[in-house]
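Working notes, structure below.
Every chain is numbered from 1 and lettered A, B, ... according to where its sequence line falls, protein lines coming before strand lines. For the numbers below, each heavy atom of this structure counts, side chains included, while hydrogens, waters and symmetry mates do not.
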There are 4 protein chains.
Amino acid sequence: MTRAGGTRAALLDAALAVFDERTYGDTPVAVVADRAGVSVGTLYRYFPSKEALGNAVYRLWKERLAERIAAARPADASYAATFAAIFHAFVGFAADHPEAFAFLELQQHESYLNVDSRTASASVDGMAVEFVSQGQKAGEIRPGEPNMLVALVYGALVGLVKARRSGLRLTDDDLAAAEAATWALLDIRS
Amino acid sequence: MTRAGGTRAALLDAALAVFDERTYGDTPVAVVADRAGVSVGTLYRYFPSKEALGNAVYRLWKERLAERIAAARPADASYAATFAAIFHAFVGFAADHPEAFAFLELQQHESYLNVDSRTASASVDGMAVEFVSQGQKAGEIRPGEPNMLVALVYGALVGLVKARRSGLRLTDDDLAAAEAATWALLDIRS
Amino acid sequence: MTRAGGTRAALLDAALAVFDERTYGDTPVAVVADRAGVSVGTLYRYFPSKEALGNAVYRLWKERLAERIAAARPADASYAATFAAIFHAFVGFAADHPEAFAFLELQQHESYLNVDSRTASASVDGMAVEFVSQGQKAGEIRPGEPNMLVALVYGALVGLVKARRSGLRLTDDDLAAAEAATWALLDIRS
Amino acid sequence: MTRAGGTRAALLDAALAVFDERTYGDTPVAVVADRAGVSVGTLYRYFPSKEALGNAVYRLWKERLAERIAAARPADASYAATFAAIFHAFVGFAADHPEAFAFLELQQHESYLNVDSRTASASVDGMAVEFVSQGQKAGEIRPGEPNMLVALVYGALVGLVKARRSGLRLTDDDLAAAEAATWALLDIRS
DNA sequence: AATGAATGAGCATTCATTCAT
DNA sequence: GATGAATGAATGCTCATTCAT
């Protein structure tokens with residue numbers, strides 16, 4: 001056990017770590033159990049299958065990401081300011097939990113995600129699409145299919161995090177520039 | 001055999017098809033051989049291992065993508081026009097070879113790519129970085145770490161293609177809007 | 001706990017029930033404990049191993065069967081009447097305790113029965129063989145190796161119970177006919 | 001490979017042997033493969049699962065038993081003579097293939113037999129029930145539910161073979177007595 | 001050259017048994 | 001006494017790779 005939260009939390013932590021180092025598909029459950037400091041049998045006491053474990057990890061972190069973004073959104077602010085807040089929440093999440101972000105966005109989960117996990121994922125997307133739609137109505141965000149704009153912005157952010165993961169060192173100024181550039185994707189004035 | 005190019009080409013075709021339908025990691029070599037209409041033994045006559053096959057597919061299509069982008073780049077044109085050309089080449093490649101694009105950009109290859117494959121990948125990136133650097137010197141592309149800007153743009157493009165793959169229908173107007181938005185990521189005037 | 005007899009009896013009851021529904025070999029001890037309403041740990045307080053539990057269940061019911069047959073045997077009666085009494089005891093036992101009879105006679109226990117259980121089993125057989133031998137001496141039962149005749153009769157009865165278990169519906173008249181037929185196996189006049 | 005018939009036949013032979021020595025449920029597939037002199041992987045090339053292997057063995061021998069009984073049945077003969085022929089076929093089969101007979105009749109297969117196997121099993125039963133029904137119409141076999149009479153006779157035969165398996169030595173005279181006794185189960189004159 | 005049978009290490013999962021609380 | 005979390009050996013099955021034909 002590596003955490004106060006007990007065995008289950010230790011398993012979720014260990015699973016995230018090793019799923020990130022290798023990949024969900026390339027990680028034997030024995031490796032997860034080892035990392036968590038428990039036996040395979042114990043892992044199966046907490047999760048009925050490897051898939052269930054993968055879904056639990058996925059959902060846990062998607063929900064944390066969703067919460068962080070939801071919490072970051074200021075009540076009254078311009079769209080540019082709101083975007084900045086959301087952008088920082090997103091990049092901050094990726095900075096604080098790089099393994100979690102990489103696991104969520106850089107791996108393919110199609111083959112095992114269940115409906116709850118997909119719902120959690122859709123919730124993050126939904127918030128983003130809604131944000132864009134409202135910005136368009138307010139005349140602050142460029143016109144166009146909102147899902148497409150979200151895909152572009154989300155993809156850009158994922159690309160950014162992926163590049164950092166590959167070794168790209170970025171200063172705070174760089175990140176500020178990244179924010180400005182990404183906002184330009186949406187800004188009606190660009 | 002499904003191609004004039006012979007058995008090797010048939011295997012590369014089959015591999016791309018099944019690696020896209022499933023995943024490199026989830027695809028038994030027997031499935032590739034079946035799809036190519038040959039036996040496993042024959043597959044191993046052309047490729048010494050599954051990894052070698054995966055690398056060959058990866059490199060083949062990364063190189064085709066690089067060629068298409070290189071060919072698309074106009075000799076003398078504004079940076080905006082050059083960007084438009086590159087954007088179209090990229091999106092056109094994804095439209096013409098959706099399985100290839102998905103295999104290249106939507107899967108994780110870290111665990112098996114060899115140095116040649118990584119070189120081929122870097123060549124696409126290198127062209128993009130060079131384009132951005134020159135644009136910056138010419139005062140047309142916003143300042144900032146060129147690798148970072150490339151990561152943002154490349155990520156946005158990948159996000160766009162991924163969204164289409166997930167079922168998002170886009171009109172030509174939508175794509176024009178996407179191009180404008182993505183160019184705004186770089187445009188010094190944004 | 002489902003019985004006045006306490007935890008041990010509850011475990012024996014539960015074990016018989018689930019060993020019949022599934023099979024001794026296919027039943028995890030946790031299922032037995034659950035059914036008895038106790039924890040696995042408690043099961044192991046009463047029985048040192050799964051084998052010990054299996055043997056206890058086996059012996060318990062073999063002994064009950066032996067007692068019932070012994071009790072049914074009339075003091076003075078013709079062999080035909082004695083046979084009828086034994087037959088009824090046997091069939092009555094199977095009717096009253098179908099799970100017990102099925103567990104005893106329809107499963108394979110060779111892999112785990114200990115010597116006490118085998119002794120209990122032999123006691124039932126012994127009574128039958130002795131009955132046949134005496135009947136032969138009295139000129140009422142057909143000649144032949146008594147163990148063989150017992151095997152035929154016992155097998156016929158097992159076949160009958162097995163058929164009922166498989167869904168064959170029998171009236172009282174049918175059962176009377178079965179008794180007559182089975183007696184014919186032994187009757188020197190047949 | 002232990003047989004001319006090739007790997008598949010060797011696996012069926014090995015499976016019967018070890019399923020008889022232990023039990024279907026208690027036999028790891030690795031033991032079957034070992035006995036057949038092949039690797040586990042090879043076993044799975046011939047049978048998609050352990051269940052499939054179990055069914056194949058079951059069906060193979062049920063069909064052989066059915067064939068032997070069908071072949072033994074004389075065209076024109078009294079019911080007693082026909083019964084004698086069937087009895088001898090049955091006991092002869094058990095004598096010639098004791099492991100097959102034990103596997104078929106002394107184990108529980110309910111948990112894995114598929115519909116084809118059950119059909120094969122029903123074919124043996126069906127022949128017996130038909131024989132009894134016709135004998136009843138001809139006034140040679142005692143009245144009563146034919147399935148019940150078959151269950152008694154079949155059970156008696158199984159009991160006989162089981163006893164021999166347990167070490168009971170029987171002479172030809174004993175077997176003749178067994179036949180007479182078993183026929184008495186059916187004979188209307190008993 | 002082509003085939004496909006054979007191999008065996010590797011993986012997800014189960015379950016009898018133990019023991020700290 | 002009772003509990004149930006923890007253990008880890010065992011099992012069914014897969015699949016990359018080899019090699020005799």
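- With values rounded to the nearest 0.5 angstrom, C:R45 atom CZ is found 14.0 Å from C:R8 atom CZ.
- The local environment of NZ in C:K162 is sparse, with at most 12 non-hydrogen atoms from other residues, nucleotides or ligands closer than 6.0 Å.
- Two residues, B:G41 and D:P48, neighbour DNA chain F, and the one matched to the more 5' nucleotide by heavy-atom proximity is D:P48.
- Closest to the B:V38 side chain, of the nucleotides F:dA6, E:dT3, E:dT13, is E:dT3.
- Contacts between residues 22-33 of chain C and DNA chain F, counted as heavy-atom distances below 4.0 Å, involve no residue at all.
- Summary of the strand contacts: D:T42 and C:E51 both lie near DNA chain E, and taking for each the nucleotide with the nearest heavy atom, the more 5' one is attributed to D:T42.
- Taking atom CG on D:L11 and atom C1' on E:dA6, their separation rounds to 12 Å, with Å as the unit.
- Helical stems of DNA chain E (runs of at least 3 Watson-Crick or G-U pairs, donor-acceptor distances under 3.5 Å) are listed by first residue: E:2-21 with F:2-21.
- At least one side-chain heavy atom of A:L12 sits under 4.5 Å from a side-chain heavy atom of A:F47.
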* To do: Test side chain to side chain contact (heavy atoms under 4.5 Å, CB included) on B:Q108 and A:Q108 and set out the steps.
  => CA-CA 8 Å; B:Q108 297 188 215; A:Q108 296 189 195; 5.9 Å; no

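- Distance, A:R45 CZ to F:dA6 C1': 8 Å, rounded to whole Å.
- In this structure, CG of B:L43 is placed 13 Å from C1' of F:dC15, rounded to the nearest angstrom.
- Once rounded to the nearest 0.5 Å, the distance linking CZ of C:F101 with CG of C:L65 reads 7.5 Å.
- Using cut-offs of 30° and 60° for the angle between ring planes, the D:Y24 and D:Y112 rings count as parallel.
- Distance from the side chain of C:V40 is smallest for E:dT17 among the nucleotides F:dC13, F:dA16, E:dT17.
- Relative ring orientation between D:H109 and D:F103 is described as perpendicular, the plane-to-plane angle rising above 60° on a 0-90° scale split at 30° and 60°.
- Side-chain atoms of A:D116 and A:T119 form no donor-acceptor pair, as typed in the model, at a separation below 3.5 Å.
- In this structure, of E:dA12, E:dA6, F:dG1, it is E:dA12 that holds the atom nearest to the side chain of A:Y44.
- Straight-line distance from the CZ atom of B:F47 to the C1' atom of E:dA1: 16 Å, rounded to whole Å.
- Atom NZ of D:K50 is separated from atom C1' of E:dT13 by 15 Å (rounded to the nearest Å).
- Contact between the side-chain N/O atoms of B:S39 and the OP1/OP2 oxygens of E:dG4 is not found at any separation under 4.0 Å.
- Remark: C1' of F:dC13 and CG of D:L53 are 13 Å apart, rounded to the nearest angstrom.
- Heavy-atom distances to DNA chain E give each of A:S49 and B:Y46 a nearest nucleotide, and the one nearer the 5′ end belongs to B:Y46.
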* Kindly determine whether D:H97 and D:L16 satisfy side chain to side chain contact (heavy atoms under 4.5 Å, CB included), including the steps that lead there. => CA-CA 10 Å; D:H97 309 290; D:L16 175 64; over 6 Å; no

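- We find that CG of D:D34 is positioned 15 Å from P of E:dA6, with the value rounded to whole Å.
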